[in-house]
Amino acid sequence: MECKKIALFASGSGSNVQNIIEYFFDNEQVIVDSVWSNNPSAYVLERASKFQVKTFVFGRDEFNNSNLVVEKLKERGVDFIVLAGFLWLIPSNLIQNFKIVNIHPALLPNYGGKGMYGMNVHKAVVENKETESGISIHFVNEKYDEGELIFQAKCPVLATDSPDDVANKIHELEHKHFPEVIEKVLKDRN
Ligand code: GAR
């Protein structure tokens, strides 16, 4: 496979970002080029810096109404974008220029759409007394959580589970599968 440069987008803690950086650390074919965030105080930026991965922060106007992010990504030779806990809708200029994958902490099409992210998802799953939840990895289009599905994995939700318990199970699934799925998508596209 030709060497691929990926950019990771995240808005919060960034445990998935760290896990992806660690997974590809010694990989000569897949390089984590940079980490991008809308949130200047997101912990993900510290995590990335610890691994000497370059970070960029952008504001809403720059992201939605300019070509700056697209231009910077192209300048850096980025081939592929991974959303790992990134909460803004992706504008069409990014979608037209890059393949983008997202991870969602539920079994889409259930519990997707605007406002359905992070703990909101797990609270809704527990409130509705679901007996299972899971993760969905999908290509990104211009609507929240509606692009083509690539991969899903499930976990049981027990009657005694709190939203935090579900979040922990989901993070475990994400850390186990997300890097491998990214690697496979990159290989298949070569
Ligand atoms: C992850 O569970 C991810 O699936 C979710 O945010 C969490 C980020 O955790 N993404 C969404 O809800 C997107 N709609 P992390 O910061 O520890 O990687």
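Each ligand, and each atom within it, is numbered from 1 in the order the structure gives.
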Just do the side chain to side chain contact (heavy atoms under 4.5 Å, CB included) check on Lys184 and Phe151 with the steps written out, would you?
CA-CA 11 Å; Lys184 185 164 184 314; Phe151 175 88; over 6 Å; no
Going through the checks in order, is the side chain to side chain contact (heavy atoms under 4.5 Å, CB included) test met by Leu8 and Val17?
CA-CA 7 Å; Leu8 309 179; Val17 161; 3.8 Å; yes
Where do Phe9 and Phe63 land on the side chain to side chain contact (heavy atoms under 4.5 Å, CB included) test, with the steps shown first?
CA-CA 12 Å; Phe9 281 51; Phe63 191 58; 4.0 Å; yes
With side chain to side chain donor-acceptor pair (under 3.5 Å) as the criterion, how do Tyr23 and Glu180 come out once you've worked through the C-alpha distance, each side chain's angles and the decisive distance to 0.1 Å?
CA-CA 9 Å; Tyr23 182 88; Glu180 280 173 17; 4.8 Å; no
Dump the intermediate steps for side chain to side chain donor-acceptor pair (under 3.5 Å) on Asn141 and Glu146, then the final yes or no.
CA-CA 7 Å; Asn141 66 15; Glu146 287 189 18; 5.3 Å; no
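Here the closest non-hydrogen pair linking Met116 and Val121 is C-CG2, 3.5 Å. Here the closest heavy-atom approach between residue Ser133 and residue Val166 is recorded as CB-CG1, 4.5 Å.
Polar contact check, Gly12 against ligand 1: no nitrogen or oxygen pair lies under 3.5 Å apart. Of the polar atoms of Asn102, none of the N or O atoms is found under 3.5 Å from an N or O of ligand 1, judged by distance alone. For ligand 1, the polar-atom distance check against Asp145 finds no nitrogen or oxygen pair separated by under 3.5 Å.
At the shortest separation from atom 17 (O) of ligand 1 among protein heavy atoms lies Ser15 OG, 2.6 Å. Of the protein's heavy atoms, Ile103 O, 3.9 Å lies nearest to atom 13 (C) of ligand 1. Looking from atom 14 (N) of ligand 1 to the surrounding protein, the closest heavy atom is His104 ND1, 3.4 Å. At the shortest separation from atom 11 (C) of ligand 1 among protein heavy atoms lies Pro105 CD, 3.6 Å. When hydrogens are left out, the protein atom nearest atom 6 (O) of ligand 1 is Gly85 CA, 3.6 Å; that is the closest non-hydrogen contact. Counting only heavy atoms of the protein, atom 3 (C) of ligand 1 lies nearest to Glu174 OE2, 3.4 Å. Shortest contact from atom 12 (O) of ligand 1 to any protein heavy atom: Gly118 N, 2.9 Å.
Of the listed residues (Asn16, Leu108, Val17, Ile20), the one carrying the non-hydrogen atom nearest atom 18 (O) of ligand 1 is Asn16.
For the pair Asp161 and Lys169, the salt-bridge criterion is met [side-chain N within less than 4.0 Å of a carboxylate O]. Salt-bridge check for Asp79 with Lys4: failed, with every basic side-chain N at 4.0 Å or more from each acidic carboxylate O.
Both the sub-6.0 Å distance and the 45° axial angle are not jointly satisfied by Lys5 relative to the ring of Phe80.
The contact set between ligand 1 and His171, taken as ligand atoms under 4.0 Å from a residue heavy atom, comprises 2 (O), 9 (O), 15 (P), 17 (O).
Counting heavy atoms closer than 4.0 Å to ligand 1, residue Met116 contributes backbone atoms (N, CA, C, O) but none from C-beta onward.
Within the structure, ligand 1 has Gly14 among the residues with a heavy atom less than 4.0 angstrom away. Gln18 does not count as a contact of ligand 1, since none of its heavy atoms falls under 4.0 Å from the ligand.
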